[in-house]
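Everything quoted here is computed from the prediction, not taken from an experiment. Order of the sequence lines fixes the chain letters, A, B, ..., with proteins taken first and strands second; residue numbering starts at 1 for each chain.
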There are 2 protein chains.
Amino acid sequence: MKDSPPPDTKEKILDTAEKEFATRGYSVTSLRKITSEAGVNLAAINYHFNTKQGLLMEVLHRCIDPMNRRRLEMLDALEAAGDYSVERIVRALLEPALRMKERYGVHGEYGIRILGKLHGEPAGVPHEVFTDLFHLVFTRFTAAFGKALPELPDEDRLWRLHFVIGAMAHTLASSDKLESLSCGLCNAVDTDAVVERLVSFASAGLTAPLPGTAAGGSGS
Amino acid sequence: MKDSPPPDTKEKILDTAEKEFATRGYSVTSLRKITSEAGVNLAAINYHFNTKQGLLMEVLHRCIDPMNRRRLEMLDALEAAGDYSVERIVRALLEPALRMKERYGVHGEYGIRILGKLHGEPAGVPHEVFTDLFHLVFTRFTAAFGKALPELPDEDRLWRLHFVIGAMAHTLASSDKLESLSCGLCNAVDTDAVVERLVSFASAGLTAPLPGTAAGGSGS
DNA sequence: GTAATATTCATACGTTCGTTTCAAACATAC
DNA sequence: GTATGTTTGAAACGAACGTATGAATATTAC
């Protein structure tokens with residue numbers, strides 16, 4: 001029975017699985033690849049995590065729970081101050097995700113990429129995994145945006161929130177692709193700049209005039 | 001040697017593979033599942049497509065090429081008229097994707113979901129597959145947005161385009177998740193409405209004031 | 001030290017995978 | 001008809017997968 005000083009098998013497995021899930025993907029990563037790279041025995045996975053999906057769940061919770069706690073902290077602070085600014089609520093939603101790398105180092109970076117990947121590939125991952133991980137965050141932020149955008153119909157608000165999540169997930173999962181596409185002009189190392197760009201983009205999208213309203217203002 | 005009247009093995013394979021890749025995902029779909037569901041022999045896949053990846057490529061081209069042709073048609077029309085409206089360029093980029101279902105029926109719907117899925121899961125799919133499929137579209141639209149938003153630095157413009165693509169991909173891949181999350185309030189059957197929502201969201205995001213510029217206007 | 005527990009190890013099981021083989025069925029041309 | 005090229009069929013290949021087993025080895029408790 002030990003908990004404090006184990007630079008241990010279990011942790012080595014978690015770290016390696018995290019890295020592989022993030023870079024290659026969950027369903028194409030074999031347990032043998034993980035254990036051989038971590039330098040541990042194959043059976044150790046079933047001993048510590050029972051199944052492959054058990055391992056995934058523990059990897060996910062380890063990297064996503066702190067992020068969601070931070071999100072709710074920031075939202076709590078806003079609500080305690082009665083602050084229902086769209087931009088600041090957006091920031092509370094996006095910044096903890098985008099800053100995971102600098103807060104949690106390599107673990108944060110990998111966790112973020114797993115998250116982004118899984119948004120589009122729930123292959124082999126049951127639906128309720130996501131529900132459990134994000135239900136509270138979704139509920140709280142939906143309500144906050146309801147207060148921040150009272151004139152916007154529920155349906156439009158949810159759609160726009162959906163678009164924001166998509167932009168975020170894509171940024172988290174594959175902003176390295178943008179780096180290669182732009183021949184290095186765009187890179188994600190300057191987290192501050194990415195946060196500002198995404199927050200301003202999302203805020204503008206959320207507060208856009210309704211399609212019916214004749215105030216687009218983007219004509220040539 | 002026949003081409004015109006084959007309600008054929010090859011087509012049955014393509015249809016079934018398309019459906020399975022779209023609903024379950026590429027890497028977790030086995031060739032045996034495809035052939036058994038299509039009612040054809042397992043070896044037929046290797047006869048007609050050589051490898052599993054060859055099958056994927058043909059599925060992708062069959063559903064994505066028409067969409068990209070339509071995008072470029074619409075962009076051609078705009079450029080021929082000297083029309084560099086952000087909203088209309090955005091529409092040329094997004095609408096052909098979102099309308100694939102009604103243009104190509106079930107094939108369009110499945111193709112769209114495969115596309116959305118693969119944006120986040122290039123697991124087992126080499127990088128140049130995407131490059132080949134989208135390089136021309138990316139180049140043309142990047143240039144068009146450069147003319148439509150001349151005051152925006154290249155870097156910001158590419159980032160915002162990246163966000164737009166993320167919002168689109170997420171909408172294509174998993175707007176059914178939004179339907180269940182919103183308890184049926186949001187659904188994607190009304191394509192017109194989804195197009196308008198996403199176009200207005202993306203246009204607003206693309207034309208947002210720069211983060212440095214003090215004109216956010218979303219403070220409470 | 002000894003007993004009890006916790007962890008690691010080598011190895012194997014049963015499945016399923018993508019791919020291949022080669023003969024049988026089919027179409028077409030002469 | 002026979003010959004030729006194309007498409008299907010049943011069966012198997014070797015490899016890799018997730019998982020399970022039981023003995024060996026650390027670790028802890030007394």
Mark yes or no: B:Lys101 above the aromatic ring of B:Tyr110, with NZ or CZ under 6.0 Å from the six-membered ring centre and no more than 45 degrees from the axis.
no
Starting at CG of B:Leu31 and ending at C1' of C:dG18, how long is that distance when rounded to a whole Å?
6 Å
B:Asn46 side chain, from C-beta outward: closest of C:dC17, D:dT8, C:dT20:
C:dT20
Go through D:dC17, D:dT8, C:dT8 for me and flag the one nearest to the A:His48 side chain.
C:dT8
In terms of relative ring orientation, are A:His162 and A:Trp159 parallel, tilted or perpendicular, with 30° and 60° separating the classes?
perpendicular
Set of side-chain contact (heavy atoms from CB on, under 4.5 Å) partners for A:Ala77, sequence neighbours left out:
none
Using a cutoff of under 3.5 Å, can you pull out all pairs of nitrogen or oxygen atoms linking the protein to nucleotides 10-12 of chain C, with atom names and distances?
from   : atom 1 : to      : atom 2 : distance (Å)
C:dA10 : N7     : A:Asn41 : ND2    : 3.4

Does a side-chain N or O of B:Ser30 approach OP1 or OP2 of C:dT16 to a distance below 4.0 Å, or not?
no
With heavy atoms under 4.0 Å as the rule, sort A:Thr35 into base, sugar-phosphate or nothing.
nothing
Check for me whether the distance between the ring centres of A:His170 and B:His170 falls short of 6.0 Å.
no
Closer than 4.0 angstrom, basic N to acidic O: yes or no for A:Arg91 and A:Glu87?
yes
Can you sort out the partners of B:Met57 under side-chain contact (heavy atoms from CB on, under 4.5 Å), two or more places apart, ordered by chain and number?
B:Gln53, B:His61, B:Val129
Do any side-chain nitrogens or oxygens of A:Thr9 fall under 4.0 Å of OP1 or OP2 in C:dT7?
no
